[in-house]
K.L.:
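First the structure, then my questions, so here it is.
Model, not experiment: these values are computed from the prediction. When a ligand or atom number is given, it counts from 1 through the structure's own listing order. Residue numbers run from 1 in the order of the sequence given. FYI, side chains are in, hydrogens and waters are out, and symmetry mates aren't considered; it's all heavy atoms of this structure.
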Amino acid sequence: MCSISAFLNPYMMTPHLQEARNASLRSKVTVVGSGNWGSVAAKLVASNTLRSTSFHDEVRMWVFEETLPSGEKLTDVINGTNENVKYLPGIKLGKNVVADPDLENAVKDANMLVIVTPHQFVEGICKRLAGKIKTEAEAISLVKGMEVKVDGPRMMSTLISQQLGINCSVLMGANIANEIGQEKFSEATVGYRQNKGAAESWVQLFNTPYFNVTSVQDVEGVELCGTLKNVVAVAAGFVDGLEMGNNAKAAIMRIGLEEMKAFSKLLFPTVKDSTFFESCGVADLITTCLGGRNRGVAEAFAKSGGKRSFDELEQELLQGQKLQGVSTASDVYEVLSHRGWLELFPLFSLVHEICIGHLPPSAIVHQYNQRKLKGKSLGRL
Ligand SMILES: NC(=O)c1ccc[n+]([C@@H]2O[C@H](COP(=O)([O-])OP(=O)(O)OC[C@H]3O[C@@H](n4cnc5c(N)ncnc54)[C@H](O)[C@@H]3O)[C@@H](O)[C@H]2O)c1
Ligand SMILES: O=P(O)(O)OC[C@H](O)CO
């Protein structure tokens with residue numbers, strides 16, 4: 001039997017002990033979520049955990065269990081085929097990705113937690129995990145969305161930090177999951193609060209030759225970019241559905257970016273202008289308005305003249321994947337009306353009013369002009 005000092009002192013160790021010590025120093029990664037982006041995130045990090053001695057090879061991926069039409073459990077199929085046949089068909093995740101339907105079991109040994117579920121499920125998941133996470137663990141949120149309570153808006157990274165009692169960074173960017181699953185080139189931005197070392201570890205975990213990751217010290221700026229662009233994408237979808245043309249869509253994107261920046265800075269004055277030029281800012285806005293799910297469902301909504309509901313279209317077109325833009329527009333509207341800012345944000349408020357059927361999709365341009373003339377200016381915000 002070996003003493004503790006032999007375990008800690010590398011010069012006194014047998015190769016077997018050295019290996020055990022190295023293994024104990026490696027970070028264990030768990031991905032909480034296994035949708036379209038969750039599965040791609042697991043694939044990205046699993047390719048890096050195999051390459052780097054900083055991480056354990058195995059990546060646990062928590063699966064919200066469901067039964068497939070074949071009668072098989074999704075988790076069993078992922079572990080049997082190495083593919084998420086429902087949310088990311090045709091892409092191998094890497095043999096070191098282990099799907100686990102037991103949430104508590106999936107996270108219990110993790111030092112690095114990647115949270116990537118639709119935002120409406122984050123609070124419930126965190127409540128289940130409170131007190132069950134290693135105290136020294138670090139989290140990163142890939143979730144685009146926010147929640148609004150009576151005391152105001154709360155970003156997902158704050159919710160995760162508060163509920164789990166651990167530090168939480170964010171990763172956002174121009175990242176349509178299916179393209180990254182096929183290893184097509186893209187970029188992403190890690191936003192961190194204080195802990196630059198943690199941000200460097202996240203960059204090391206995610207960066208690949210086809211996924212270029214940089215970090216900025218601006219959690220709220222990065223997260224609000226990822227959250228608010230989904231509202232603009234819904235507006236872009238209306239314009240596409242009404243066949244208003246490329247100039248109109250470019251105008252919506254410009255106005256959307258202006259409102260994103262103003263809203264972010266009103267909520268968090270520390271948000272940096274430069275963040276809007278990172279992948280999480282203008283690049284994500286462009287890709288989402290060109291090829292995202294929010295855009296696509298909003299286009300179908302406008303084509304139906306607003307007669308078919310977003311819920312119905314989401315189920316039909318996305319087959320289990322979830323939209324974030326419509327509920328985010330509602331959350332944003334609540335903040336705007338509560339704070340008396342509605343007149344400052346005509347595009348954001350119109351998106352919500354169209355989504356709930358108070359106005360027709362064409363109002364996105366026609367009413368915008370009227371409200372802009374009447375409303376207050378965003379000025380230099
Ligand atoms: N898909 C993309 O291209 C993309 C890219 C970047 C960021 N994002 C963001 O990533 C986040 C996750 O999106 P996604 O694309 O991985 O998911 P998704 O929309 O593809 O899938 C929905 C997921 O929710 C799960 N789910 C359903 N009901 C649940 C419940 N009650 N509790 C917990 N989970 C449940 C499903 O099992 C599935 O894994 C979102 O915030 C999204 O905006 C997505
Ligand atoms: O498909 P969307 O509209 O949810 O957007 C996907 C990503 O957020 C793009 O970066």
K.L.:
Which bit of R295 is near ligand 2, meaning a heavy atom under 4.0 Å away: side chain, backbone, both or neither?
P.N.:
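For R295, there is no contact with ligand 2 at all, from either part.
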
K.L.:
If you count the atoms of ligand 2 from 1 in the order shown, which ones are under 4.0 Å from a heavy atom of G173?
P.N.:
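Ligand 2 atoms under the 4.0 Å threshold to G173: 10 (O).
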
K.L.:
With heavy-atom distances below 4.0 Å as the criterion, list the atoms of ligand 2 near K229.
P.N.:
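Within the 4.0 Å cut-off of K229, ligand 2 contributes 5 (O), 6 (C), 7 (C), 8 (O), 9 (C).
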
K.L.:
Considering only non-hydrogen protein atoms, determine which one is nearest to atom 2 (P) of ligand 2 and report residue, atom name and distance to 0.1 Å.
P.N.:
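Checked against all protein heavy atoms, atom 2 (P) of ligand 2 sits closest to R293 N, 3.4 Å.
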
K.L.:
Examine the proximity of ligand 2 to Q324 and report which part, side chain or backbone, both or neither, has a heavy atom under 4.0 Å away.
P.N.:
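Neither; no heavy atom under 4.0 Å.
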
K.L.:
For ligand 2, note which part of N294 has a heavy atom under 4.0 Å away: side chain, backbone, both or neither.
P.N.:
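For N294, backbone and side-chain atoms both sit under 4.0 Å from ligand 2.
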
K.L.:
Between F348 and F263, how do the two ring planes meet: parallel, tilted or perpendicular, split at 30° and 60°?
P.N.:
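Perpendicular.
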
K.L.:
Please determine if D273 and K265 form a salt bridge, counting it only when a charged side-chain N lies under 4.0 Å from a carboxylate O.
P.N.:
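Salt bridge present between D273 and K265.
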
K.L.:
Which of the atoms of ligand 2 are close to K144, meaning less than 4.0 Å from one of its heavy atoms?
P.N.:
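Taking each heavy atom of K144 in turn, ligand 2 has 7 (C), 8 (O), 9 (C), 10 (O) under 4.0 Å.
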
K.L.:
At a 4.0 Å threshold, what atoms of ligand 2 neighbour a non-hydrogen atom of N175?
P.N.:
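Selected atoms, number and element: 7 (C), 9 (C), 10 (O).
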
K.L.:
Under 3.5 Å, is there a donor on one side chain and an acceptor on the other for N230 and N294?
P.N.:
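Judged by distance alone, the side chains do pair up.
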
K.L.:
Answer yes if the side chains of Q120 and S327 hold a donor-acceptor pair under 3.5 Å, and no otherwise.
P.N.:
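Side chains of Q120 and S327: no pair found under 3.5 Å.
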
K.L.:
For D284, take its heavy atoms, then give the atoms of ligand 2 lying under 4.0 Å from any of them.
P.N.:
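Per the distance check, 9 (C), 10 (O).
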
K.L.:
I'd like to know if the side chain of N167 pairs up with that of E138 as donor and acceptor (distance under 3.5 Å, no hydrogens or angles considered).
P.N.:
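Short answer, yes.
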
K.L.:
Between K108 and E104 (salt bridge meaning N to carboxylate O under 4.0 Å), is one present in this structure?
P.N.:
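So K108 does not pair with E104 through a salt bridge.
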
K.L.:
Using a distance-only test with no angle check, is there a side-chain donor-acceptor pair under 3.5 angstrom linking N48 and N207?
P.N.:
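There is no such pair between these side chains.
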
K.L.:
Does R60 come within less than 4.0 Å of D109, counting only side-chain N to carboxylate O?
P.N.:
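A salt bridge is absent here (no side-chain N lies under 4.0 Å from a carboxylate O).
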
K.L.:
Can you tell me how far the OG atom of S337 sits from the NE2 atom of H352, to the nearest 0.5 Å?
P.N.:
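Atom-to-atom, S337:OG and H352:NE2 are 8.0 Å apart.
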
K.L.:
Below 4.0 Å from any atom of ligand 1, which residues have a heavy atom? Give them in chain and number order, please.
P.N.:
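Residues near ligand 1: S34, G35, N36, W37, G38, W62, F64, E66, Y87, V116, T117, P118, F121, L142, V143, K144, N175, I176, A177, R293, G320, Q321, K322, Q324.
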
K.L.:
Could you label the plane-to-plane angle of the F64 and W62 rings as parallel, tilted or perpendicular, counting under 30° as parallel and over 60° as perpendicular?
P.N.:
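The arrangement is perpendicular - the two ring planes meet at more than 60°.
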
K.L.:
Counting each atom of ligand 2 from 1 as listed, which ones have a heavy atom of T288 under 4.0 Å away?
P.N.:
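Ligand 2 atoms under the 4.0 Å threshold to T288: 3 (O), 5 (O), 9 (C).
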
K.L.:
Hey, is E278 close enough to K272 for a salt bridge, meaning N to O under 4.0 Å?
P.N.:
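Salt bridge absent between E278 and K272.
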
K.L.:
Enumerate the atoms of ligand 2 whose separation from the nearest heavy atom of G292 is less than 4.0 angstrom.
P.N.:
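It comes down to these atoms of ligand 2: 1 (O), 3 (O).
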
